[in-house]
Amino acid sequence: MEFDPQRLARARHLVVFTGAGVSAESGIPTFRDALSGLWEHFDPARLATPQAFRDDPTLVWGWYEWRRLQVRKAQPNPAHLAIAELARRLPRLTLITQNVDDLHERAGSLDVLHLHGSLHQPKCFACNRPYKGALPDVQMPQQGARLEPPRCGGCNGKIRPGVVWFGEALPQAILKQAFKAAGECDLLLSIGTSGLVQPAAQIPQLALEQGAAVLHINPQPQACLAPAEYQLTGPAGQRLPELLRQAFA
Ligand code: OAD
């Protein structure tokens with residue numbers, strides 16, 4: 001069945017749940033897309049675990065600096081802007097993202113729940129203190145270049161990226177807020193995620209179980225849909241602004 005745009009216009013509490021696909025049209029690679037996905041080209045075991053950082057901190061820090069500066073150069077796309085617009089139009093919106101970029105914030109979204117941390121908030125690997133020093137702004141390291149991580153002003157430990165790595169727990173307070181919003185909302189938009197990474201992937205399921213409708217926006221069609229589940233197939237930067245035009249015409 002087709003999704004009725006009026007359901008969006010009438011939503012009392014909308015949850016927007018995003019993954020890497022929402023930033024794809026800003027030029028930020030996703031993780032699992034064939035050919036272009038980061039995990040097609042890079043081994044997460046060598047780059048995205050605490051052990052990887054212990055073994056080879058300059059490789060890991062260099063890779064995340066390459067990614068951070070890629071984001072610095074990118075701009076929010078029409079999907080990020082449409083989500084910020086939705087927050088202004090609806091009585092309540094909770095934005096939950098798995099993304100570690102800041103494109104939602106730069107599009108004007110407030111109070112974004114970052115389930116997987118942020119490229120822009122590095123912290124000490126030893127004492128966990130947030131890093132207050134400046135990070136370079138313009139010079140883009142070559143892909144694969146090694147960089148020495150800065151040192152913590154408190155304990156002189158090595159500074160690590162502020163993202164959640166494989167084998168690490170998600171920030172519990174943020175996860176709790178995200179689950180609560182998913183359990184209370186009447187509509188959830190799941191945008192640009194493969195839904196393969198737990199526990200984040202439980203969020204749309206939880207909304208469905210609590211009686212909300214779920215709309216997926218993704219170029220890849222969903223394999224099967226529950227009765228209260230809908231999809232718009234295509235790039236979020238096109239499909240989401242189109243949906244807003246129909247909902248608020
Ligand atoms: P994935 O790379 O697993 O999935 C990206 C999804 O975006 C796919 O379903 C694509 O079909 C879809 N997509 C691609 N282009 C799109 C577009 N223009 N508009 C809408 N959708 C598009 O990324 P995530 O689901 O975000 O974790 O991955 C989840 C987590 O796995 C990430 O947060 C990361 C990764 O390991 C950590 O870093 C902890």
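FYI, the numbering just counts along the sequence from 1. Each ligand, and each atom within it, is numbered from 1 in the order the structure gives.
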For this session: Have a look at ligand 1 and work out which part of Val164, if any, has a heavy atom under 4.0 Å from it: side chain, backbone, both or neither.
Result: backbone
Problem set entry | Check: Arg32 side chain, Glu40 main-chain N or O, donor-acceptor pair, under 3.5 Å | no
Seminar exercise, completed: Short version for Ser194: what comes under 4.0 Å of ligand 1, heavy atoms counted, is both
Exercise. For atom 17 (C) of ligand 1, which protein heavy atom lies nearest, and how many Å away is it?
Worked result: Gly21 O, 3.3 Å
For this session: May I ask you to list the atoms of ligand 1 that are less than 4.0 angstrom from any heavy atom of Glu25?
Result: 17 (C), 18 (N), 19 (N)
Exercise. What atoms of ligand 1 come closer than 4.0 angstrom to any heavy atom of Gln220?
Worked result: 11 (O)
For this session: Decide, yes or no, whether a salt bridge links Arg146 with Asp56 under the criterion of side-chain N to carboxylate O below 4.0 Å.
Result: yes
Problem set entry | Pi-cation contact, Trp165 with Arg160 (under 6.0 Å, within 45°) | yes
Exercise. Does Val71 offer a backbone N or O that forms a donor-acceptor pair with the side chain of Asp101 under 3.5 Å?
Worked result: no
Exercise. By number and element, which atoms of ligand 1 are closer than 4.0 Å to a non-hydrogen atom of Gln98?
Worked result: 29 (C), 33 (O)
For this session: Please say whether Phe166 places an N or O atom under 3.5 Å from an N or O atom belonging to ligand 1.
Result: no
For this session: Could you verify whether a donor N or O on one side chain and an acceptor N or O on the other, from Asp33 and Ser36, lie under 3.5 Å apart?
Result: no
For this session: Could you tell me the residue and atom name of the protein heavy atom closest to atom 6 (C) of ligand 1, and the distance to it rounded to 0.1 Å?
Result: Gly192 O, 3.4 Å
Exercise. Going by atom types only, do His80 and Ser23 share a side-chain donor-acceptor pair under 3.5 Å?
Worked result: yes
Exercise. Of all the heavy atoms in Asn218, does at least one lie under 4.0 Å from an atom in ligand 1?
Worked result: yes
Exercise. Considering only heavy atoms of Ala24, which atoms of ligand 1 have at least one such atom less than 4.0 Å away?
Worked result: 15 (N)
Exercise. When rounded to the nearest 0.5 angstrom, what distance separates OG1 in Thr58 from CD in Glu65?
Worked result: 12.5 Å
Problem set entry | CZ-CZ distance between Phe248 and Arg89, expressed to the nearest 0.5 angstrom | 5.5 Å
Exercise. Can you find an N or O of Phe31 that's nearer than 3.5 Å to an N or O of ligand 1?
Worked result: yes
Problem set entry | Distance filter under 4.0 Å to Pro235 heavy atoms, resulting ligand 1 atoms | 17 (C), 18 (N), 19 (N)
For this session: Indicate whether the side chain of Arg67 and that of Gln70 have a donor and an acceptor atom separated by less than 3.5 Å.
Result: no
Problem set entry | Residue pairs, two or more places apart or on separate chains, that pass side-chain hydrogen bond (donor to acceptor under 3.5 Å, both in side chains) and touch residues 114-136 | Glu105-His114
Exercise. Does an N or O from Val197, backbone or side chain, lie closer than 3.5 Å to an N or O of ligand 1?
Worked result: no
For this session: For atom 14 (C) of ligand 1, find the nearest protein heavy atom and state the residue, atom name and distance (0.1 Å precision).
Result: Asp33 OD2, 3.5 Å
Seminar exercise, completed: Looking only at protein heavy atoms, what sits closest to atom 25 (O) of ligand 1 is Thr193 OG1, 2.7 Å
Exercise. Is Pro219 near ligand 1, meaning one of its heavy atoms is under 4.0 Å from it?
Worked result: yes
Problem set entry | Thr193 versus Gln98, side-chain donor and acceptor atoms under 3.5 Å | yes
Seminar exercise, completed: Only residue of Arg245, Gln246, Gln238, Arg239 satisfying side chain to side chain donor-acceptor pair (under 3.5 Å) with Glu242 is Arg239
Seminar exercise, completed: for atom 28 (O) of ligand 1, nearest protein heavy atom and its distance come out as Arg32 NH1, 3.1 Å
For this session: Could you tell me whether ligand 1 has any atom less than 4.0 Å away from a heavy atom of Trp39?
Result: yes
For this session: Decide whether an N or O pair under 3.5 Å exists between Gly19 and ligand 1.
Result: no
Problem set entry | ligand 1 to Asn99 polar contact by distance, N or O atoms, under 3.5 Å | no
Exercise. How does His116 reach ligand 1, if at all, at less than 4.0 Å between non-hydrogen atoms: by side chain, backbone, both, or neither?
Worked result: side chain
Exercise. Which word best sums up how the rings of Trp39 and Trp63 line up, parallel for under 30°, tilted for 30 to 60°, or perpendicular for over 60°?
Worked result: parallel
Seminar exercise, completed: of all protein heavy atoms, closest to atom 23 (O) of ligand 1 is Ala20 CB, 3.6 Å
